[in-house]
Amino acid sequence: MWNRTLLTILHIDEIHAEFQRITIIPLETAFMAQLDSHIPQLTSVFQKKGGVVGQKLAKHLAILQKATSDVNLKREAILKALCIHLGEDDGHLIREYMDIEGDDVTRDLQKSTMGIYVINKEGGEPGHYDDVGIFVEGLIILDNIGYVARACAIMLGVIYTLNMAYPKELRYYYELIQKALLQMDGERLSPKVLGLKNKIHAGL
């Protein structure tokens with residue numbers, strides 16, 4: 001395992017409490033329930049996407065269409081596929097590293113304002129990581145979160161708790177999560193997110 005300086009400034013229960021105080025929404029419960037309820041419709045939308053985007057979605061669709069796929073693996077696949085479908089890089093949502101990369105990981109995290117990282121074990125199974133965590137301003141504030149979808153939910157809570165702006169490279173992803181998935185301030189949507197929302201609701 002790589003060496004890292006862990007600065008824990010938040011606890012997950014504090015993030016849940018603050019998010020619910022601000023929004024009256026139970027963070028993880030609502031996030032997972034809404035995500036799971038939209039997986040069939042989103043999978044159908046992604047299946048119809050062609051071209052380069054369709055090729056990028058293919059590996060995630062393979063997980064979503066496999067009956068034996070673990071629910072957490074499916075959640076991770078749908079969140080990454082959302083980024084791709086919206087024209088964003090899923091590598092900005094989840095930064096993946098091998099556990100042999102050591103200090104290179106720490107240096108790389110310092111280049112970004114915030115995000116989620118995962119540490120892959122060499123030869124490990126897909127979706128099963130040595131570590132899943134969240135960093136802000138180059139410092140790891142939460143580790144050992146367990147799985148990617150949970151980290152994505154908590155990342156939203158961190159942004160609200162610290163009153164941070166959404167990263168510009170994931171603006172459409174976070175807009176969809178906030179306004180379409182969790183239905184917070186959902187009256188005004190960008191054309192790109194509105195188009196996907198309409199396709200989901202139409203079952204296309």
State, to 0.1 Å, how close [X] and [Y] come at their nearest heavy-atom pair, and which atoms those are.
X    : Y    : answer
F31  : A149 : CE2-O, 3.8 Å
Q20  : P26  : OE1-CA, 3.8 Å
A151 : V132 : CB-CG1, 3.7 Å
A165 : M114 : O-CE, 3.4 Å
C83  : L93  : SG-CD2, 3.7 Å
V136 : V158 : CG2-CG1, 4.1 Å

Exercise. How is the hydrophobic cluster of I24 composed, in terms of its other members, when Ile, Leu, Val, Met, Phe, Trp and Tyr link through side-chain heavy atoms under 4.5 Å apart, directly or indirectly?
Worked result: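 Answer for I24: none, a lone residue.
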For this session: Begin from the C-alpha positions of H60 and D90 and carry the test side chain to side chain contact (heavy atoms under 4.5 Å, CB included) through to its verdict.
Result: CA-CA 11 Å; H60 302 306; D90 61 327; 3.7 Å; yes
Separation between [atom1] of [X] and [atom2] of [Y], rounded to the nearest 0.5 Å:
X    : Y    : atom1 : atom2 : value
F135 : L109 : CZ    : CG    : 5.0 Å
L73  : I63  : CG    : CD1   : 4.5 Å
I159 : I15  : CD1   : CD1   : 11.0 Å
N120 : Y97  : CG    : OH    : 11.5 Å
L170 : Y172 : CG    : OH    : 12.0 Å
I140 : I134 : CD1   : CD1   : 11.0 Å

Does any non-hydrogen side-chain atom of [Y] lie less than 4.5 Å from one of [X]?
X    : Y    : result
N72  : V148 : no
E14  : T161 : no
Y147 : V118 : no
L79  : I177 : yes
I12  : E28  : yes
M164 : T113 : yes
K197 : L176 : no
Q47  : Q65  : yes

For this session: Might you work through the side chain to side chain contact (heavy atoms under 4.5 Å, CB included) test for H92 and Y173, ending with a clear yes or no?
Result: CA-CA 11 Å; H92 287 138; Y173 163 82; over 6 Å; no
Under 3.5 Å donor-acceptor, [X] side chain and [Y] backbone:
X    : Y    : result
D131 : N144 : yes
R150 : I145 : yes
K179 : R188 : yes
E88  : R171 : yes
S44  : P40  : no

Exercise. Do the side chains of L27 and I22 join up, straight or via other hydrophobic residues, at under 4.5 Å, putting them in one cluster?
Worked result: yes
Problem set entry | ILVMFWY cluster, I78 and V71 together (side-chain gap under 4.5 Å) | no
Problem set entry | Residues that E175 engages under salt bridge (charged side-chain N to carboxylate O under 4.0 Å, His left out), provided they are two or more places apart | none
Exercise. So D89 and E169, side chain to side chain contact (heavy atoms under 4.5 Å, CB included) or not? Walk me through it.
Worked result: CA-CA 8 Å; D89 185 350; E169 63 268 20; over 6 Å; no
Problem set entry | Electrostatic pair K80:E96 at N-O distance under 4.0 angstrom |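 Answer for the salt bridge query: yes.
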Problem set entry | Flag if over 12 foreign heavy atoms under 6.0 Å of NZ, K192 | yes
For this session: Could you tell me which residues satisfy side-chain hydrogen bond (donor to acceptor under 3.5 Å, both in side chains) with S112, sequence neighbours excluded, listed by chain and number?
Result: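 If we apply the side-chain hydrogen bond (donor to acceptor under 3.5 Å, both in side chains) test to S112, skipping adjacent residues, the hits are R95.
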Problem set entry | Distance-only polar pair, side chains of D143 and Y117, donor-acceptor under 3.5 Å | no
For this session: Please work out whether the ring planes of H85 and F46 are parallel, tilted or perpendicular, with thresholds of 30° and 60°.
Result: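 H85 vs F46 ring planes: tilted.
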